[in-house]
There are 2 protein chains.
Amino acid sequence: MAAREKTSRLGAGTTMAQVAERAGVTKMTVSRVLRHPEKVNPETRERVSAAMAELGYVANRLAGSLNAGTSGLVAAIVPTLRHSLFADTLEGISDVISQAGLGLFVSSSDYRSDVEENQIRSILERRPDALVLTGLTHTKAARDLLRNFGIPVVETWETDDDPVDMIVGYSNREAAHAMTVELIRSGYRRIAFVNGPMESNERARHRAEGYLAAMQEAGLSAPPIHVVHHDAVIQPETGAKAIRVLRQQPGIDAVFFTSDVFAVGAILACRELGIDVPSQLGIAGFHDLEVGRVVSPTLTTVQVPAMEMGRKAGHMILARLAGRKLPSRRQDLGFSIISRESTRRGH
Amino acid sequence: MAAREKTSRLGAGTTMAQVAERAGVTKMTVSRVLRHPEKVNPETRERVSAAMAELGYVANRLAGSLNAGTSGLVAAIVPTLRHSLFADTLEGISDVISQAGLGLFVSSSDYRSDVEENQIRSILERRPDALVLTGLTHTKAARDLLRNFGIPVVETWETDDDPVDMIVGYSNREAAHAMTVELIRSGYRRIAFVNGPMESNERARHRAEGYLAAMQEAGLSAPPIHVVHHDAVIQPETGAKAIRVLRQQPGIDAVFFTSDVFAVGAILACRELGIDVPSQLGIAGFHDLEVGRVVSPTLTTVQVPAMEMGRKAGHMILARLAGRKLPSRRQDLGFSIISRESTRRGH
DNA sequence: ATACAATAGGATACCGGTAACACGGGAGGA
DNA sequence: TCCTCCCGTGTTACCGGTATCCTATTGTAT
């Protein structure tokens, strides 16, 4: 009589053994019905299926995963979910991997590589099938951990010659360079650059390099880079503040922001301050967010393949998990300069 | 000599037994060093820690989870990640639960409850500690599954008297009602309503109800509701298209869109068509996205607590997992009407 | 010197599946 | 009639941890 003590509660409590007992078979046969139905006699299969339905059986993947040594999980670490940027990348990953039955595990690191390292440690304990990281800035410990662990790792949002494993993105250096060249081409000369904190984030650093290189190549002197504080949330007000500071400096005729959000805040501030954009001041952003298409004047910006990076990362992972060799560990998806009204200077 | 065959590869391959052998103890002692270090002699602890470090040991949480019957995972299903709305909610959840050592599993259902049902099935196989859903529209099978399964479930983005388990959100009906009242108060009379597809989504349905109720209460006749197609991605162009259709109808003096994205597209379309907002046409949106603060005229909208719903959901889950009883299974976080230029009619 | 408790660590069983192999019985060929 | 082979199912062991119980040793009070 103790043999069927748990029969009353459905779902979570039901095990394969209980289903088996009910169907008058062993759990191995139940397992076969789920994994290799063709190997089971149709009548038996029918009985087992009925038993599963009656008991509301839900397989426990944890057990199978333990056996297989793998979890069917792809983990992704993004700096933040608060802006659609990285969420787009996640959507791309999710789209692709879910078709292969893999799930997406997400954490956000708040742009801090020490936090990221801890998250990686904790994630690896879950034995993910693969890991997607944002950017190249990881602690040494994190890199070592990942290299030793041996699962596919995809870095995103940048290109690099020496990724931990694979990489898909675009060149932030070239993108910032191209935008700076575009501003110069439009007739701006004293171009300020407003950037995120560079020490914790190679994307910001590379963009600064691209900007400085372009200025130098054009024989222009670059005003000091204006760095927004890490704690300054990515919001328009931060861009507005930058404008108020930069207008003190003489002769600035354009400002290149590394986020559209900042740039849009700047445009609004200019409107209030009576600074005409683009004739008195050119303004450019980065990322091609919707806000930039909607402000007036519309915002010149760099379009980046946020979603496409996610898809590509997903495909690279699937290929590797399927044992296929990739033509290259590096995928440069490029970027586009979108020239709009905010830099369209009347010549 | 077969006893140490796997010693060469670090990381993924290393098991507790290998660490134990190296430290000259049993795996039970290694386990204690990780779970209850105070119960282990400091010298032994030291030796074990050294062995773990040398072998690059990474615990396998799958095994522990199997034992515990729980995975340390909170799963969340959102309609899409493509707009920051739901990503904000995820960030809120993640913030809160990660402090309790729980991880976030994400999937997106593309607003389809049949897809959602499949995702729930697949998610339950991973034995999540809790589940967060968006909205109330779930298949019957999905509800039954969840009720039987017994884990904490939080529905979000709506209020309701009869949630599957817990719910945190705001009333879409009241929000749409309040906005409609606000439009009427501003002097608009023939107010059109542009909505997402209502059959698959109770949020859309409730908003329509709120709108219709407010119109009726004011003794106004409501023009037919304009429904955008499910496949019409949430993008400004869809709003622009709606304007082109609605201007055919005589006398419309305001349009209430259920997304800021649409509303902003409408504002841009009006600019092109030479329709003055707000004097010829009032326009209101929903969600309070950044775009709405940036267009000109700035957009009147309904602000919803996207991130706060996530945080609250996280807290409810943690409370329940800790065995604490909640004061209520329902949390109404409210909304705010943000009145801006797009409905500020010169009286 | 004896008894008893506290401390440290080992032995065992178990979580819920699945791979690998074993086995009985019927079909087909020599 | 006997040997094989195949089909359908059962048996066993194992995945990598952890709870529980047990033993050995040391310390302490009587």
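Naming: A, B, ... by sequence-line order, numbering from 1 per chain.
A/Asn41 has its CG atom 14 Å from the C1' atom of D/dC6, to the nearest Å. Between the CE atom of A/Met16 and the C1' atom of C/dT18 there is a distance of 8 Å, rounded to whole Å. The separation between B/Asn60 atom CG and D/dC14 atom C1' is 14 Å, rounded to whole Å. With rounding to whole Å, B/Glu38 atom CD is found 13 Å from C/dG9 atom P. The distance between atom CZ of B/Arg126 and atom P of C/dC15, rounded to the nearest whole Å, is 23 Å. Between the CZ atom of B/Arg35 and the C1' atom of C/dG9 there is a distance of 18 Å, rounded to whole Å. The interatomic distance linking A/Arg45 (CZ) with D/dC7 (P) rounds to 14 Å, in whole Å. Separating the CE atom of B/Met28 from the C1' atom of C/dT7 is a distance of 15 Å, rounded to the nearest angstrom.
Among the heavy atoms of the strands, none lies under 4.0 Å from B/Val30.
The residues A/Arg311 and A/Asp95 are annotated as salt-bridged, a charged nitrogen and a carboxylate oxygen being separated by less than 4.0 angstrom. Ion pairing between a basic and an acidic side chain is recognised when a charged N comes within 4.0 Å of a carboxylate O; B/Asp88 and A/Arg82 show no such pairing. A salt bridge between B/Arg112 and B/Asp114 is present, with a side-chain N of the basic residue lying under 4.0 Å from a carboxylate O of the acidic one.
The 5' end of DNA chain D is approached more closely, in terms of each residue's nearest nucleotide, by A/Lys39 than by the other of A/Lys39 and B/Arg61. Place B/Ala68 and B/Val40 on DNA chain C by their nearest nucleotides, and B/Val40 ends up nearer the 5' end.
Residue B/Tyr57 has no polar side-chain atom (N or O) positioned under 4.0 Å from OP1 or OP2 of D/dG16. Neither OP1 nor OP2 of C/dT18 sits under 4.0 Å from any side-chain N or O of A/Arg32. At the phosphate of C/dA11, neither OP1 nor OP2 sits under 4.0 Å from any side-chain N or O atom of B/Thr26. An OP1 or OP2 oxygen of D/dG10 is reached within less than 4.0 angstrom by a side-chain nitrogen or oxygen of A/Thr29.
Residues A/Asp110 and A/His230 are in side-chain contact: their nearest non-hydrogen atoms beyond the backbone lie under 4.5 Å apart. For the pair A/Arg203 and A/Thr137, the minimum side-chain heavy-atom distance is 4.5 Å or more.
Side-chain proximity of B/Asn67 to C/dG17, C/dG10, D/dT18: nearest is D/dT18. Nearest to the side-chain atoms of A/Lys27 among the listed nucleotides D/dG10, D/dT18, C/dG17 stands C/dG17. Of the listed nucleotides (C/dC15, D/dC21, C/dT18), C/dC15 has the atom at the smallest distance from the side chain of B/Leu66. The side chain of B/Thr44 sits closest to C/dG9 out of D/dT9, C/dG9, C/dG10. Minimum atom distance to the side chain of B/Ser31 is reached by D/dT18, of the listed D/dT18, C/dG10, C/dG17. Of the candidates D/dT9, C/dG10, D/dG16, D/dG16 carries the atom nearest the B/Ala63 side chain, counting heavy atoms from C-beta on.
Donor-acceptor pairing under 3.5 Å is recorded for the side chains of B/His138 and B/Glu116.
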